[in-house]
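One structure is given below, encoded as structure tokens.
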There are 2 protein chains.
Amino acid sequence: MERELLLLGLLQQQEMHGYQLHEFIDSYMQTCVDLKKSTAYYLLEKMAKDGFITPSEEREGNRPTRQVYSLTPAGETRFLELLRENLSTFLPALFPGDTGITFLDKLPQSEAIALLQTRREALAAELDRAEKAPVHTGSLQLMIEHQIVHLRSELDWLDHVINHLTEQA
Amino acid sequence: MERELLLLGLLQQQEMHGYQLHEFIDSYMQTCVDLKKSTAYYLLEKMAKDGFITPSEEREGNRPTRQVYSLTPAGETRFLELLRENLSTFLPALFPGDTGITFLDKLPQSEAIALLQTRREALAAELDRAEKAPVHTGSLQLMIEHQIVHLRSELDWLDHVINHLTEQA
DNA sequence: ATCTGAATAGTCAAATTTGACTAATCAGGT
DNA sequence: ACCTGATTAGTCAAATTTGACTATTCAGAT
């Protein structure tokens with residue numbers, strides 16, 4: 001559901017075509033929703049069929065025409081409906097990385113520590129990237145700051161786990 | 001991939017049947033992976049076909065027989081392989097709730113505040129539930145504590161956002 | 001002028017995931 | 001002894017999601 005909200009929300013700000021939407025999402029929002037290109041196209045077609053958005057042919061330069069989508073009045077209503085629902089609900093974030101943590105004791109401590117250190121590097125790099133990202137305006141910036149807060153807290157926790165494991169050895 | 005790791009990991013501790021696996025995951029691990037019953041059955045069948053687990057018929061009392069799965073040697077290897085990969089990788093948690101945050105400014109402040117307060121209640125309830133959960137042993141407890149740390153940090157952040165919004169009004 | 005690799009803009013079959021449904025058994029009340 | 005609702009254990013068609021593939025255009029090097 002939040003994928004549709006995201007697409008509608010972006011289209012509400014300005015009309016765009018599929019590739020453009022995917023580009024934006026992939027570069028600025030990979031942290032809240034993971035939306036593959038083919039999924040974006042699928043959803044756009046579906047929402048068009050449902051009457052929430054309408055395509056119009058557009059041609060830029062020499063390139064083949066592409067479908068540019070814009071919100072219909074029904075789409076505007078749908079957007080607000082999904083937005084209200086999203087904001088009032090607590091949708092827990094899932095931690096696929098915790099699956100491994102659950103079975104940490106199935107490996108020798110020393111190996112577990114080494115593996116987690118590799119994870120730590122990747123996490124630190126993510127945090128770095130997020131902290132360096134250019135400042136945006138409005139609510140988007142709010143989301144970016146949320147990510148930074150979250151990543152810091154994750155890094156702290158991971159260090160805590162690694163220390164804990166190291167002390168045991 | 002982490003869904004398969006989870007199933008293999010649980011089966012490595014003791015053989016189980018589909019329903020039992022789903023029950024366990026749904027009650028103790030909904031926070032790291034969301035695995036529906038039908039997905040569990042699908043994955044079990046697939047992993048059986050791949051030779052990682054083997055089913056054996058079992059009957060309890062009067063009930064119809066059911067498939068109890070146990071790890072094969074190949075499954076044991078696969079489990080360790082997936083575990084190593086999971087531990088060494090940083091798999092970012094996704095925040096579907098941030099989609100709404102991104103479009104917060106599309107609603108009047110007062111309504112946004114009210115909606116977020118509803119979200120806050122749900123989040124606080126989750127935290128409460130997590131804090132009251134019985135203590136487990138081993139690495140599972142580690143994951144549970146991670147969840148608590150995370151939920152506290154989320155509650156803090158949400159309060160921060162609500163305050164910020166309230167001050168603006 | 002041509003070649004090469006990157007960027008743009010998608011399509012499609014296959015894999016995965018879901019929700020809705022079925023059906024049997026059990027526990028408790030009446 | 002019978003009824004009712006919860007629990008157990010699953011199945012299945014439909015919806016969604018993905019990865020791999022295609023094809024065109026553009027920018028820069030040669």
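If you're wondering where the values come from, they're calculated on a predicted model, not measured in any experiment. Hydrogens, waters and symmetry mates play no part in the numbers below; they use all other heavy atoms, side chains included. A note on names: the letters A, B, ... follow the listed sequences, proteins ahead of strands, and every chain is numbered from 1.
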What is the distance, to the nearest angstrom, from the [atom1] atom on [X] to the [atom2] atom on [N]?
| X | N | atom1 | atom2 | answer |
| --- | --- | --- | --- | --- |
| A/Arg66 | C/dT8 | CZ | P | 10 Å |
| B/Leu44 | C/dT16 | CG | P | 14 Å |
| A/Tyr69 | C/dA9 | OH | P | 14 Å |
| A/Leu43 | D/dA15 | CG | P | 14 Å |
| B/Met47 | C/dA15 | CE | C1' | 15 Å |

Mind checking ring pair (Phe, Tyr, Trp, His ring centres under 6.0 Å) for B/His146 and listing every partner two or more places apart, or none if nothing turns up?
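So B/His146 forms a ring pair (Phe, Tyr, Trp, His ring centres under 6.0 Å) with A/Phe95, A/Trp157.
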Between the main-chain N or O of [Y] and the side-chain N or O of [X], is there a donor-acceptor pair closer than 3.5 Å?
| X | Y | answer |
| --- | --- | --- |
| B/Thr39 | B/Leu35 | no |
| A/Ser139 | A/Leu142 | no |
| B/Gln141 | B/His136 | yes |

Less than 4.5 Å apart, side chain to side chain, heavy atoms only: is that true for B/Met143 and B/Tyr28?
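B/Met143 does not reach B/Tyr28 side chain to side chain.
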Do any N or O atoms of the protein come closer than 3.5 Å to N or O atoms of nucleotides 18-20 of chain D, and which pairs are they?
residue : atom : partner : partner atom : Å
D/dT18  : OP2  : A/Arg3  : NH2          : 3.3
D/dT18  : OP2  : A/Thr39 : OG1          : 3.1
D/dG19  : O6   : A/Ser38 : OG           : 2.6

For the helix from C/dA1-D/dT30 to C/dT30-D/dA1, figure out the bend between the end axes, five pairs an end, and round to 10 degrees.
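The angle, to the nearest 10 degrees, is 10°.
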Please list all pairs passing the salt bridge (Lys or Arg N to Asp or Glu O under 4.0 Å) test where one or both residues lie in residues 135-156 of chain A, with sequence neighbours left out.
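Residue pairs passing salt bridge (Lys or Arg N to Asp or Glu O under 4.0 Å), neighbours aside: A/Glu131-A/Arg152.
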For DNA chain C, find the residues of residues 12-26 of chain A with a heavy-atom distance under 4.0 Å and give them by number; none if there aren't any.
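Output list: A/His17, A/Tyr19.
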Of the residues in residues 82-94 of chain A, which ones touch DNA chain C at a heavy-atom distance under 4.0 Å?
none
Quick check on the 6.0 Å ring-centre criterion: do A/Phe79 and B/Phe103 meet it?
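Yes, the ring centres sit under 6.0 Å apart.
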Whichever of A/Glu4 and B/Tyr41 has its nearest DNA chain D nucleotide further upstream toward 5'
B/Tyr41
Quick one: list whatever passes salt bridge (charged side-chain N to carboxylate O under 4.0 Å, His left out) with B/Arg119, sequence neighbours left out.
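Salt bridge (charged side-chain N to carboxylate O under 4.0 Å, His left out) check on B/Arg119 returns nothing, list empty.
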Can you tell me if B/Lys46 touches the phosphate of C/dA15, counting only side-chain N or O atoms and a distance under 4.0 Å to OP1 or OP2?
no
For A/Glu126, check side-chain contact (heavy atoms from CB on, under 4.5 Å) against everything at least two apart and list the hits.
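Counting only residues at least two positions away or on another chain, A/Glu126 forms a side-chain contact (heavy atoms from CB on, under 4.5 Å) with A/Arg129, A/Leu151, B/Phe90.
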Those residues that, when tested against B/Asp34, pass side-chain contact (heavy atoms from CB on, under 4.5 Å) (two or more places apart):
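side-chain contact (heavy atoms from CB on, under 4.5 Å) check on B/Asp34 returns A/Leu94, B/Lys36.
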Per the ring pair (Phe, Tyr, Trp, His ring centres under 6.0 Å) rule, what does the pair list look like for residues 115-134 of chain A, sequence neighbours excluded?
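Output for this query is empty, none listed.
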What pairs with A/Lys132 under side-chain hydrogen bond (donor to acceptor under 3.5 Å, both in side chains), at least two apart in sequence or on another chain?
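Per chain and number, A/Lys132 pairs via side-chain hydrogen bond (donor to acceptor under 3.5 Å, both in side chains) with A/Asp128.
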For B/Tyr19, the hydrophobic cluster (side chain heavy atoms closer than 4.5 Å, chained through members) also holds B/Tyr41
